[in-house]
Amino acid sequence: MSAQPGTAPVQPLVGSPRHVADDPREILSRPLAQTSLLDAVKDLRRDVEKTGFPLEIPGIEAARASRDRLVDQLGEHLVPRLTELSAPAVVVVSGSTGAGKSTLVNSLVGREVSTAGVLRPTTRRPVLVHHPLDTELLSHHPVLESVSVVADEQMVRGIALLDAPDLDSVLESNRESAHRLLEAADLWLFVTTAARYGDALPWRVLQGAVERGASIAMVLNRVPPASLPTVRGDLLGRLRENGLQGSPLFVVPDLGPHEGLLPASSVSPIQRWLAMLAGPDRARTVIGRTLRGSLAALRPWVDELAEAVQAQADAAAAIGVVLDEALAASAGQAVESILGGAVADGAVRARWSELTSAGGPLGRVVSARGRVRGSARDGRARSGRVGPLVEDLVHSATATLMAAGGHAEQVLRAALVDPHGPDGGPSVDAAWATGSNRRVAAEQAARGWTAQGVRVVRAALAAAPDVDASRRAGRRRKAERALGDDGLAAIALAAAAGVQGARELLVVLIDDAGERAADELRTDLVGRVGAQVALERAAVGAVLADPDLADDAASRLRLRLAVLKGLM
Ligand SMILES: Nc1nc2c(ncn2[C@@H]2O[C@H](COP(=O)(O)OP(=O)(O)O)[C@@H](O)[C@H]2O)c(=O)[nH]1
Ligand SMILES: [Mg+2]
């Protein structure tokens, strides 16, 4: 953007520093005071564009169309217009050789960004200095082609200061460039001195500015205090004569021979004036005038969109309820199957018969008269031979857990696609990929379960030892010795799985401790089947965890709109 001849200077949007949130969803992380209207419109556009409608529910086509319309309106109309209005105002510092232009620019910035001095550099690119955050807004400015650009944090946002070549430079190319840059300026800061303000050239140039309607401010530099009243009156008179009576006049007193920056107090009135030009209040007026209508028209659009987003979130919540109900039914069935002895069926029962047959390692553990038979050596041998039973239990439990998971998936999917099911259910069914880790999870759970065997049996034996009945205590010790930890654990696991013979044997061996161990291991397994079924619910839940289905997805859009309104 640049002010064309004859146009009023374009005011910058905002002068306060701000940071741009990395995550566009982090709307509240940026203080409102640091948000510009352009930021707010860009944020809104980004959020609107990102709004997905994952669930095919009634009205979805209209919602998508309204989103696309809003993205177009924001992106093709409002953002470009606001960007244009937000570009920093280019303030060209102009005047004759040695007037103190470069020194003034340096003093306003607070460091030497442009070379000053009595020696006239013959070739030098003019320097443009601006705030780093204005870099992008300035990037398309035509003036950038012929200047050196310096970004400096000390610059007020919304203003770019340009130290132009001397209007009366001995070099023609410099003179030309000085005039060209004035054309591109939004505002002229004209520097002259007590000694030179009478020169003809500057007034001729200024006359041109008046004719074109460009805005001008005067800096009267290096004024000896004694002559200030005279010079000032004189200059004001000339300004009036030249049709410039409304222009601000700044006086910088002479400090005697001087090198380097001027004291801050000498330039602070100019600095304040620049800050005011860049300030958000002025900017709001300009932008408000131009865009208030278009911004107000956004409201019903955003409201409509927010309602459609809310409908998605509501549908997702309803789907969640239906899934929870379906899952509860499926989990109940899974528990029933464990309690019904599903893990004991088939291979496990066959293995049990084999192990407990007359020649098997668990055969004849108890004598016909009910006595436990076997030495510690037998115990070690038996412990070593129950491995296949435990493996069978692992495989069977794995299969049972997987079946429970598979059944849960079926039940959940059926609930989703049921013709009388929730709106949007089929979208969730389609987006839900069958879990690939079902087998891994089931096998881990099954191994985790059998790994509990030894600990649970020991704990059951240790709990409330029956010290009074020393005969029973003696028999338990004998059973531990004769079967070993692993042997007893395998029997307890088989009992927990539902092998009736295993439970009976366990009670004979270690009486109530056996009941306790079998029950605890069965409870453990029931817990694991519940967890397995819950994995399926979690997998479908991940589909519903889409941010577009979140409870606050709609309020985020409404909040964006509120921020916009607050800035107008
Ligand atoms: N005494 C005095 N010298 C100044 C002042 N401003 C600039 N100068 C000196 O005047 C010379 C020319 O200044 P410069 O900023 O390069 O002027 P430019 O040609 O307009 O850019 C330099 O030696 C400055 O140090 C001032 O306010 N008072
Ligand atoms: Mg200079």
Side-chain angles (χ1 to χ4, degrees), residues 90-130 143 146-150 152 154-155 160-182 184-185 187-206 209 216-232 235 248-271 273-274:
V90 174
V91 177
V92 171
V93 179
S94 183
S96 323
T97 305
K101 301 181 295 295
S102 301
T103 304
L104 180 68
V105 167
N106 293 338
S107 305
L108 286 168
V109 179
R111 70 177 174 102
E112 187 172 319
V113 290
S114 186
T115 316
V118 277
L119 295 176
R120 292 293 99 196
T122 46
T123 54
R124 187 176 65 84
R125 269 166 85 81
V127 173
L128 177 100
V129 50
H130 65 81
V143 85
S146 46
V147 300
S148 299
V149 180
V150 177
D152 194 295
Q154 291 306 308
M155 274 302 295
L161 266 186
L162 204 168
D163 182 13
D166 309 324
L167 280 174
D168 53 355
S169 173
V170 291
L171 272 187
E172 194 193 330
S173 64
N174 276 4
R175 289 198 303 274
E176 267 172 17
S177 138
H179 285 89
R180 214 175 40 246
L181 290 171
L182 278 175
L187 208 124
W188 298 16
L189 192 55
F190 214 89
V191 185
T192 188
T193 63
R196 304 282 305 274
Y197 71 88
D199 291 0
L201 171 70
W203 291 105
R204 265 211 313 280
V205 175
L206 282 172
I216 291 161
M218 267 277 174
V219 179
L220 179 55
N221 200 16
R222 309 171 70 167
V223 192
S227 55
L228 176 60
T230 324
V231 171
R232 196 183 144 90
L235 183 56
L249 170 64
F250 299 98
V251 177
V252 178
D254 195 16
L255 301 162
H258 182 85
E259 286 298 326
L261 302 187
L262 301 169
S265 60
S266 300
V267 295
S268 58
I270 305 176
Q271 220 146 24
W273 176 73
L274 287 175

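If you're wondering where the values come from, they're calculated on a predicted model, not measured in any experiment. Counting starts at 1 for both ligands and their atoms, in listed order.
Between G100 and ligand 1, at least one N/O pair is under 3.5 Å apart. In terms of N/O distances under 3.5 Å, ligand 1 is not approached by L104. Inclusion of T97 in the set of residues having an N or O under 3.5 Å from an N or O of ligand 1 is not warranted.
Under the 4.0 angstrom criterion for non-hydrogen atoms, G98 is in contact with ligand 1.
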Go through it in stages, so that I can follow the logic: the residues are L189 and L104, the test is side chain to side chain contact (heavy atoms under 4.5 Å, CB included), and I'd like the CA-CA distance, side-chain angles, deciding distance and then a yes or no. CA-CA 10 Å; L189 192 55; L104 180 68; 4.3 Å; yes

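Residue-ligand proximity, D166 to ligand 1, at heavy-atom distances under 4.0 Å covers atoms 19 (O). For ligand 1 and S102, the ligand atoms under 4.0 Å from any heavy atom of the residue are 15 (O), 18 (P), 21 (O). Atom numbering of ligand 1 starts at 1 in the shown order; those under 4.0 Å from a heavy atom of L262 are 26 (C), 27 (O). Near N221, meaning under 4.0 Å from one of its heavy atoms, ligand 1 places the atoms 6 (N), 27 (O).
Proximity of V191 to ligand 1, defined as any heavy-atom pair under 4.0 Å, is not found for any part of the residue. Under 4.0 Å from ligand 1, not a single heavy atom of T115 appears. If you look at D163 next to ligand 1, there are no close heavy atoms at all, none under 4.0 Å.
Side chain of S96 to main chain of A99: no donor-acceptor pair is present (N/O by atom type, distance under 3.5 Å, no hydrogens or angles). Judged by distance alone, with hydrogens and angles left aside, the side-chain atoms of W188 form no donor-acceptor pair with the main-chain N or O of S94 at under 3.5 Å. Judged by distance alone, with hydrogens and angles left aside, the side-chain atoms of N106 form a donor-acceptor pair with the main-chain N or O of V113 at under 3.5 Å. No donor-acceptor distance shorter than 3.5 angstrom exists from the side chain of R222 to the backbone of D254, with no hydrogens or angles considered. Distance alone, capped at 3.5 Å, is enough to place a donor-acceptor pair between the S227 side chain and the P224 backbone. Distance alone, capped at 3.5 Å, places no donor-acceptor pair between the R175 side chain and the L167 backbone.
Not a single N, O or S atom of T103, from either the backbone or the side chain, sits less than 2.8 Å from the Mg ion (ligand 2).
For the side-chain hydrogen bond (donor to acceptor under 3.5 Å, both in side chains) test, residues two or more places apart in sequence or in another chain that qualify with R111 are D152.
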